[in-house]
Amino acid sequence: MKKIEAIIKPFKLDEVKDALNEIGIQGITVSEVKGFGRQKGHTELYRGAEYVVDFLPKVKMEIVVPDNLVLTIIETIQNTARTGRIGDGKIFVTNVEDVIRIRTGEKGEAAV
């Protein structure tokens, strides 16, 4: 099993969620996060004063899936979340050793 974490722009969340739903993905955890990468934030003007916004709002999606679905999910997220502009985000894939469903005690892929 793999855990896919995608950091995307907030306005792309519904579009990505709908695209994942279309390919049969149902379990997604979403968090509102802040961060920056190469873009290093930006400068804004507020009441005549300039200030730097270095942590930009993003959305973090977490999905745990069987190995055979990883490439399909990555392609779906990539194609849906891409705007072609800086700050589109990143996708991280890590191994998951085990999953346990608290309610039933199921383990492994059955618990996903």
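Heavy-atom basis, side chains included; hydrogens, waters and symmetry copies ignored. Keep in mind the model is a prediction, meaning the values are calculated, not measured.
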Can [Y] be reached from [X] by stepping across I, L, V, M, F, W or Y side chains whose heavy atoms are under 4.5 Å apart?
{"X": "I8", "Y": "F92", "result": "no"}
{"X": "V33", "Y": "V59", "result": "no"}
{"X": "V65", "Y": "V93", "result": "yes"}
{"X": "I7", "Y": "I4", "result": "no"}
{"X": "V112", "Y": "L20", "result": "no"}

request  = Would you sort out whether K3 and E62 count as a side-chain contact (heavy atoms from CB on, under 4.5 Å), showing the intermediate values?
outcome  = CA-CA 7 Å; K3 179 179 183 181; E62 298 175 83; 2.9 Å; yes

task = Please assess V99 against M1 for the test side-chain contact (heavy atoms from CB on, under 4.5 Å), listing each intermediate value before the final yes or no.
result = CA-CA 9 Å; V99 178; M1 289 177 293; 3.8 Å; yes

query = How would you list, by chain and number, every residue that makes a side chain to side chain contact (heavy atoms under 4.5 Å, CB included) with D98, sequence neighbours excluded?
reply =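 Counting only residues at least two positions away or on another chain, D98 forms a side chain to side chain contact (heavy atoms under 4.5 Å, CB included) with I100, K107.
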
Please set out all donor-acceptor pairs under 3.5 angstrom arising from side-chain atoms of residues 73-81, sequence neighbours excluded.
unit_1 : atom_1 : unit_2 : atom_2 : d
T76    : OG1    : T72    : O      : 2.8
N79    : ND2    : E75    : O      : 3.1
T80    : OG1    : T76    : O      : 2.6

ask   = Considering the options I63, D67, T94, V64, which one meets the side-chain contact (heavy atoms from CB on, under 4.5 Å) requirement together with K2?
value =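 For K2, the side-chain contact (heavy atoms from CB on, under 4.5 Å) check succeeds only for D67.
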
Sequence neighbours left out, what passes salt bridge (Lys or Arg N to Asp or Glu O under 4.0 Å) with [X]? Give chain and number order.
{"X": "K9", "answer": "D88"}
{"X": "R101", "answer": "E106"}
{"X": "K17", "answer": "none"}

request  = Measure the CG-CD1 distance between D18 and I23 for me, rounded to the nearest 0.5 Å.
outcome  =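 The distance works out to 12.0 Å.
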
request  = With the side chain counted from C-beta on, respond yes when K34 and K58 share a heavy-atom pair under 4.5 Å apart, and no when they do not.
outcome  =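 SC-SC contact between K34 and K58 ruled out.
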
Please table the atom pairs, donor to acceptor, closer than 3.5 Å between any side-chain atom in residues 25-32 and protein atoms at least two apart or in another chain.
none

